[in-house]
Amino acid sequence: MTATIERPATTASAPSTTTTLTMAGAINAGLRAAMDRDPKVLLMGEDIGALGGVFRVTDGLHKDFGDDRVMDTPLAESGIVGTAIGMAMRGYRSVIEIQFDGFIFPAYDQITTQLAKMHYRSQGQITLPIVIRVPFAGGIGAVEHHSESPEALFAHTAGLRIVSPATPQDAYDLIQQSIACPDPVMFFEPKARYWDKGEVDTARVSAQLDAADGQSAGTAEMAKARVAREGADVTLVAYGPTVRLALQAAEVAAKDGTDVEVIDLRSISPLDSGAVVASAKRTGRVVVVHEAPTSFGSGAELSARVTEQAFFHLHAPVLRVGGFHTPYPGATYEHDYLPSLDRVLDAVDRVIQH
Amino acid sequence: MTATIERPATTASAPSTTTTLTMAGAINAGLRAAMDRDPKVLLMGEDIGALGGVFRVTDGLHKDFGDDRVMDTPLAESGIVGTAIGMAMRGYRSVIEIQFDGFIFPAYDQITTQLAKMHYRSQGQITLPIVIRVPFAGGIGAVEHHSESPEALFAHTAGLRIVSPATPQDAYDLIQQSIACPDPVMFFEPKARYWDKGEVDTARVSAQLDAADGQSAGTAEMAKARVAREGADVTLVAYGPTVRLALQAAEVAAKDGTDVEVIDLRSISPLDSGAVVASAKRTGRVVVVHEAPTSFGSGAELSARVTEQAFFHLHAPVLRVGGFHTPYPGATYEHDYLPSLDRVLDAVDRVIQH
Amino acid sequence: MDVGGPLSEEGLVQLLTPAGERIGNEQFDPFAAHLSAHDLRAFWRDMTVLRSWDLEATSLQRQGELGLWVQSLGQEAAQIGSGHALREPDFVFPSYREHGVALTRDVDLVEILRIFRGLQHGAWNPADHGFHLYSLVIGTHALHATGYAMALDRDGLVASGDPDKDGAVVAYFGDGATSQGDVSEAMVFAAVNNAPVVFFVQNNQFAISEPATRQSRVPIADRGKGFGIPSVRVDGNDVIACHAVTRWALEHARSGQGPVLIEAFTYRMGAHTTSDDPTRYRSKAQDEHWRERDPIARLDAHLTRSGELDEQFRAQVAAECKALGERTRTTVRGWTKPPTTTMFDHVYALPHATVEAERAWFERYESSFADVEATR
Amino acid sequence: MDVGGPLSEEGLVQLLTPAGERIGNEQFDPFAAHLSAHDLRAFWRDMTVLRSWDLEATSLQRQGELGLWVQSLGQEAAQIGSGHALREPDFVFPSYREHGVALTRDVDLVEILRIFRGLQHGAWNPADHGFHLYSLVIGTHALHATGYAMALDRDGLVASGDPDKDGAVVAYFGDGATSQGDVSEAMVFAAVNNAPVVFFVQNNQFAISEPATRQSRVPIADRGKGFGIPSVRVDGNDVIACHAVTRWALEHARSGQGPVLIEAFTYRMGAHTTSDDPTRYRSKAQDEHWRERDPIARLDAHLTRSGELDEQFRAQVAAECKALGERTRTTVRGWTKPPTTTMFDHVYALPHATVEAERAWFERYESSFADVEATR
Ligand SMILES: Cc1ncc(C[n+]2csc(CCOP(=O)(O)OP(=O)(O)O)c2C)c(N)n1
Ligand SMILES: Cc1ncc(C[n+]2csc(CCOP(=O)(O)OP(=O)(O)O)c2C)c(N)n1
Ligand SMILES: [Mg+2]
Ligand SMILES: [Mg+2]
């Protein structure tokens, strides 16, 4: 099994289905496609209607789909997730927008004790295909509670799937695969990347999801890491906001003669540790970089798994670069707090010199 | 610095301050001592008054301290933590009882966005010396939501301290040190161990906390792991409910000629990885065992740190034994789900044979 | 006790006095008018069967066959009366004590005990019965009920023009639950969406050991009004009143008039659960006072007075109770644990690598013992 | 819009008409009787200074000196009126828009901007001002306020016999916040503990883009009644009424009569924050309608009509505004970032090994660059 996701080249004669989109635009287009595909898909959240969301990710959807499918909810996150659960029991697939990372916690109980467990508690009789979109991570100079990376706080809980796109293409594909998935999915959107542009082929995921086994195929693909850059010396693992950073670091390191492989995890639960282990077995050196605090973060799980599965291939311990064990500091500090190009390169150096 | 906690032998002539207590009894006695020491200490929770708590940990305290110091609260965990925060701003030190592990999540927002961060947000002007007691972990044949181990879900958040006693002595000491500590402390009580008995010396912690630097000394000691059994071949790390299991495993392994060192972490945040690293450097082999699901659990962080800090001393990867990535199953399954003596011994074997 | 507080008996709708006398009520009589003697006997039968089975379950717990048991003792009228107001398109979100409502929704009572024997967390298919799984995290399901009601509305099953098609939702919870933020949020969502949901609070005066005065200083029914939800207080030990009030509320909801809150004022005659010891927090006198207001006795008195309850019917129901008791004992004792690996089933609807890897590891690990045993 | 809904103007306590005419109110006149012309001019001055400073902060944000700005535009009467009802022993728990209340609590307005420049999360010592930090997670602080009030009571500072010693707490939050479970739980705890807390809801008709009809279908003030908390609706653009009603509520609370809910019905004249674009969700006509009901203009009309506001006073306040504007600009532009390692300070009150290890690593890491630079 390969860790890369194959994108068959669209045949030259077909009309082009490739377009340039920002990540926000790609999610918007993906939501629209999902709503067109399935009338049971609803959007729920605070200010997602007329305003189009504080990041404008749902821009235009209220106008086109109306109050019934794009619902401005009361200001209560637990209420949003809880009512979405009830609606899912009648077949509705709600895509919830949590306004900012730091405001997901009022819904934590509904997410971890209810949403995550209902399928299990009902011996599979109830499925809750709910997607929770969370603009997350920092770098935009925001005030408190608007720059956090809480993904590890959900990954420990069985029953949830967790993904995070790093490119417009993945944003477009993953949002639709998440909506089609019968399991609840937490969809972490790197808000600092919302305005990054990229090519998006809109045909492939449509074809996949329109096929008979679309749900399964989409869900399986969602769970796979992507090799964003091949390399032989060091494996650099990232997801969401740090993928671009990792690629930059790889460029710089290349100038110093270090050939860095960059893996974009895409999925945190399940964690595609297999893809990382395979790479680690070749490079012998792994660095993982995320914005969340290092301590008890996703990097810890990755480090533990890679060490368990590739121990004798490793030339050095898996190193972690991430936020510190402090609350997210004031915006003037965020570029010291967040993993930077220098800190990533420093870790790459250390893993080589260990 | 040593990882063990020295307990100076009480001089022979002094009247004995040692008594035999269950863990529940030790916590009860510790709460009473703390309430006697400081009139600002209050107990808050559901059914902790006349009933004495569903586990009777607060038995008799309402009778002796009255409504004002032992408060039966409305049935709302967020409300309990939130009001305790307000009271702490006027100098009250609330010790909150959450009835069961699975019911802490309604308070998750107050704990992680408010309680944990207030000291930081106020540049140290506000301290919130609140203790949240959580009977946790399984093994008692309970229904859903009554057997969970959510400690890792709190350890990722800066601003909280997290401890878990494994013996009546530690329960007695740690609860008082936690109450004296100026930081918020999550106090995880292994409910299946409530009725285990042990010797408790009540004098040492009193002397410590009555001293001028009592808060600092107590807080520093709270953060230290304890070598529960010395050994040379394998380091077995546990905390709370699994310490007894680890000691049993060590006994059995000894018969097979394997000399297992058992470390009782006691503290999850901070994690006394230094103590484990020191041991790992001697044994070269580490197994960590906790009831929480392995994936994204405390063992992951421990594994990552030990590997980072003792890489060239390790003969094998750090192995983890814990719960599975499923909701806590029905009680008839719990002994398959939970780490068992066999599973711990299996891991000890594997770490030796790796 | 505060006058006018949550333990006051003021303003309760009552159609049957404690002595079993039928009294009139302008607003709610029309919702009880359809009840024949046959119907009332059926209520009596259900309440009687429920209680006898409940005691059976308690004794199974005492014998160690169940890990825990949660009695509905004393709340039979609230549950059976309201449950029988439900129709097929309706849907119920219970807490964990609504065995009586389960009975009215054709859930096999015996199956409920699977949960308390630790075999599984849910023991019936909610869709088959219009009766959701029990919810143990207090208050959470009030939101699910509201969402379900919003979906009924979206599906055109409210005020559809065909009353037989119309449905509504009932969320059952206790006096203690009203303090949880989720319950208030459910009322917010229900009100602004005009959702066809009935919040049915069984105020049994206690949340474990805490009297309802720890949750509110006014009657629980008042809570609804603050959200713009009409509310009723009903005598929860009066099965006819509980039935009529619930019928009214359901029609209100089904016909598109939105949510309703019902407070059924009753008494938890037993312990909170078999783990509880109520002698620590309430008096014998209090228990005695309420034993005299037993909801079954009340209907019994009414039917006896009107000559509608003959010995033959009593005997028939007694036999039914006995048979159910026997079936309960035999079935429960006969349950064996399914294969251990079922604990890995249904964590996700589609395969998840972590679960699959752990399941595979576990199977290898288990079979390594089998190997050892085989070679012995 | 629903008649009687949360946007209705029924039942508002008003002491000053939009035209600036003083009208009588039996219940609340006694709580405004002490106000001299001098006091009213002080209100006018505070409102005027607040608004001018608020616009200054907006322009600093536009210039890139602040990351974000949250205006209080239009809510000056609600904030200044209620703030001046507070006394020294009282304590305030604001949301994030209560700059006017901060002013009445002697917080230096300029210091508030540290937060919005991203220097720190809190910018004053709450204990010094009886004014807590801003809370950004909606509704959370309603519980802190309730707990603080419970503690005041415990400390003997409620109904103590010496009214000067007695204190109460005010929690400020918005119409949107009323939907959060925490706010309802705060009312539960406040009611059952009879805590001296005033919930002051500024219903500015919007939670960002959502009209208050998404949060309630009845007036927000009704919410309190469901919890047994007396409630008042007040015209939030009437500074005298806001003052009087708050004074009444505080005396109620301080004298041991328990919590009160005040809904001040007002209008957010500006955007939600500088990141917001209200043209997407509300009309110019609506803005225009409310511009005509400007709270400052109302008091201005009243004072002008009664000849209490002379040109000299106006000029003096204008100069004050100008000076504050200048100080604001200079101070904000002069702020420099403290040493980076301060980001590791105050995570814990006592050393925590993880933080200490990370701080030490960071210092070594930073100084490695200094070494590199030094060797250049
Ligand atoms: C969130 C949560 N907190 C605490 C508990 C523990 N608990 C179980 S039942 C109960 C009391 C519930 O009282 P009430 O709502 O009145 O229902 P009753 O049991 O009286 O039917 C409590 C505190 C829980 N199940 N969930
Ligand atoms: C728990 C939470 N959810 C969402 C947000 C994002 N948010 C910030 S302000 C706001 C609207 C608040 O409206 P309201 O309570 O009426 O106060 P106003 O801003 O109008 O003063 C929202 C949704 C938040 N800060 N906290
Ligand atoms: Mg109850
Ligand atoms: Mg508002």
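Chain identifiers are assigned alphabetically (A, B, ...) following the order of the sequence lines, protein sequences preceding nucleic acid strands; residue numbering begins at 1 within each chain.
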Between [X] and chain A, with a heavy-atom cut-off of 4.5 Å, which part of the residue counts as in contact: side chain, backbone, both or neither?
X         : answer
Phe312(B) : side chain
Ile104(B) : neither
Phe311(B) : side chain
Ile268(B) : both

Go through [options] and name the one with the most non-hydrogen pairs under 4.5 angstrom from chain B.
options                                    : result
Gly159(A), Gly297(A), Gly102(A), Pro150(A) : Gly297(A)
Pro293(A), Pro106(A), Gly299(A), Pro317(A) : Pro317(A)
Pro329(A), Pro327(A), Ala152(A)            : Pro327(A)
Phe324(A), Phe296(A), Phe154(A), Phe105(A) : Phe296(A)

Start with the C-alpha gap between Ile111(A) and Ile132(A), add the side-chain angles, then the distance that decides, and say whether side-chain contact (heavy atoms from CB on, under 4.5 Å) holds.
CA-CA 9 Å; Ile111(A) 295 172; Ile132(A) 303 182; 3.7 Å; yes
For residues [X] and [Y], report the shortest heavy-atom separation together with the two atoms involved.
X         : Y         : answer
Ala275(A) : Ala225(A) : CB-CB, 3.8 Å
Ala142(B) : Ala331(B) : O-CB, 3.7 Å
Val286(B) : Ala280(B) : CG2-CB, 3.5 Å
Pro270(B) : Ala223(B) : CG-CB, 3.5 Å
Val81(B)  : Ala107(B) : CG2-CB, 3.8 Å
Ala88(A)  : Leu128(A) : CB-CD2, 3.7 Å

So which donor and acceptor atoms of chain B and chain A come within less than 3.5 Å of each other?
| residue | atom | partner | partner atom | Å |
| --- | --- | --- | --- | --- |
| Arg121(B) | NE | Glu144(A) | OE1 | 3.3 |
| Arg121(B) | NE | Glu144(A) | OE2 | 2.6 |
| Arg121(B) | NH2 | Glu144(A) | OE1 | 3.4 |
| Glu144(B) | OE1 | Arg121(A) | NE | 3.3 |
| Glu144(B) | OE1 | Arg121(A) | NH2 | 3.4 |
| Glu144(B) | OE2 | Arg121(A) | NE | 2.6 |
| His156(B) | ND1 | Ser295(A) | O | 2.7 |
| His156(B) | ND1 | Phe296(A) | O | 3.3 |
| Ser295(B) | O | His156(A) | ND1 | 2.7 |
| Ser295(B) | OG | Arg305(A) | NH2 | 2.9 |
| Phe296(B) | N | Glu301(A) | OE1 | 2.6 |
| Phe296(B) | O | His156(A) | ND1 | 3.3 |
| Glu301(B) | OE1 | Phe296(A) | N | 2.6 |
| Glu301(B) | OE1 | Arg320(A) | NH1 | 2.8 |
| Glu301(B) | OE2 | Arg320(A) | NH1 | 3.4 |
| Glu301(B) | OE2 | Arg320(A) | NH2 | 3.1 |
| Arg305(B) | NH2 | Ser295(A) | OG | 2.9 |
| Glu308(B) | OE2 | Arg320(A) | NE | 2.7 |
| Glu308(B) | OE2 | Arg320(A) | NH2 | 3.3 |
| Arg320(B) | NE | Glu308(A) | OE2 | 2.7 |
| Arg320(B) | NH1 | Glu301(A) | OE1 | 2.8 |
| Arg320(B) | NH1 | Glu301(A) | OE2 | 3.4 |
| Arg320(B) | NH2 | Glu301(A) | OE2 | 3.1 |
| Arg320(B) | NH2 | Glu308(A) | OE2 | 3.2 |

For Ile80(B), run the side-chain contact (heavy atoms from CB on, under 4.5 Å) check against Ile96(B), Ile85(B), Leu75(B) and tell me which one passes.
Ile96(B)
With sequence neighbours left out, the residues meeting ring pair (Phe, Tyr, Trp, His ring centres under 6.0 Å) with Phe188(B) are Phe136(B)
Heavy-atom contact with chain B under 4.5 Å, split by part of Leu302(A):
neither
Would you say the side chain of Val318(B) lies within less than 4.5 Å of the side chain of Val287(B), judging by non-hydrogen atoms?
no
